Amino acid sequence: MNTLSDSIYLIGFMGTGKSTVGAKLSEKLGATLIEMDQVIVEQHDMEISDIFDEYGENYFRRLETGLLKELQGKKNLVVSTGGGVVLRDENIALMRENGYVVYLTAKPEIIYERVKDNKERPLLNENMSVEYIEEMLSDRKEYYRSAAHIKVSTNNKSIDEIVEEICERLEDYEK
Ligand code: S3P
């Protein structure tokens, strides 16, 4: 059974606000923020898109699993994951064993607005459209659902409101 002193893993599609919410949430809880993508970039001294280009998506997924293993057993972390972390069952198990998994959602149109000018997401770079986001979301929805302890919509909410909602819902979850 997890407790609130365990870590919190933020999952969700690209552009659902994991990084922004993670920063605020970790500040509020006095927890250590781990930005998985950023740690991987620093550890390998390569941008995510270069890792995808040179070694492929599977290799990147293995790096994600390796990092989740490194974080295992550490308390009081807020971990902002990459949007595809749920694609491996092993990752879902690692996150659920070590804390609460919070699934952030947003409508495809809102995601599109948030990510459309960013060139650092290899899986969207050549397919930047609401339709493609919808397609990827529907392929991934079940993975996110099966990983999550709680699901929080970020549509039309401020970051403070989202953080507040996560804290309340996790407290309820613990009761
Ligand atoms: C990915 C999401 C990205 C990054 C990589 C793959 C995905 O992270 O890990 O480009 O498969 O959804 P963000 O969700 O932080 O954009």
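Numbering of ligands and ligand atoms starts at 1, following listing order. All figures in this text were calculated on a predicted structure; none of them were measured in a lab.
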Nearest non-hydrogen protein atom, [atom]:
atom	answer
atom 10 (O) of ligand 1	P122 CD, 3.5 Å
atom 12 (O) of ligand 1	R140 NH1, 2.7 Å
atom 16 (O) of ligand 1	R121 NE, 2.6 Å

* **Residue pair E70 / Q43, side-chain donor-acceptor N/O under 3.5 Å** => yes

* Modelled atom types, side-chain donor and acceptor of N98 and S7, under 3.5 Å -> no

* Could you go step by step and tell me if V41 and I48 meet the side chain to side chain contact (heavy atoms under 4.5 Å, CB included) rule? -> CA-CA 6 Å; V41 166; I48 302 289; 3.8 Å; yes

* Using a strict cut-off of less than 4.0 Å between a Lys/Arg side-chain nitrogen and an Asp/Glu carboxylate oxygen, indicate whether K28 and E164 qualify as a salt bridge. => yes

* Salt-bridge test for K24 and E27: reply yes if a basic N is under 4.0 Å from a carboxylate O, no otherwise. => no

Which part of [X] is near ligand 1, with near meaning a heavy atom under 4.0 Å away: side chain, backbone, both or neither?
X	answer
M136	neither
K18	side chain
L123	side chain
Q38	neither

* Asked: Does M36 reach ligand 1, in the sense of a heavy atom lying below 4.0 Å from it?
  -> no

* Does ligand 1 have any atom sitting under 4.0 Å from a heavy atom of R61? -> yes

If we only count N/O pairs under 3.5 Å, is [X] in contact with ligand 1?
X	result
F52	no
D37	yes
F13	no

* Considering I48, T16, L124, V41, which one's heavy-atom position lies nearest to atom 5 (C) of ligand 1? -> I48

Review item, side-chain donor-acceptor pairs of residues 119-138, under 3.5 Å, at least two apart:
| residue | atom | partner | partner atom | Å |
| --- | --- | --- | --- | --- |
| N125 | ND2 | K119 | O | 3.0 |
| S129 | OG | Y132 | N | 3.1 |
| S138 | OG | E135 | O | 3.2 |

* Spell out, as yes or no, whether a donor-acceptor pair under 3.5 Å connects the side chain of R96 to the backbone of N91. => no

* Partner set under side chain to side chain donor-acceptor pair (under 3.5 Å) for Q72, not counting sequence neighbours -> none

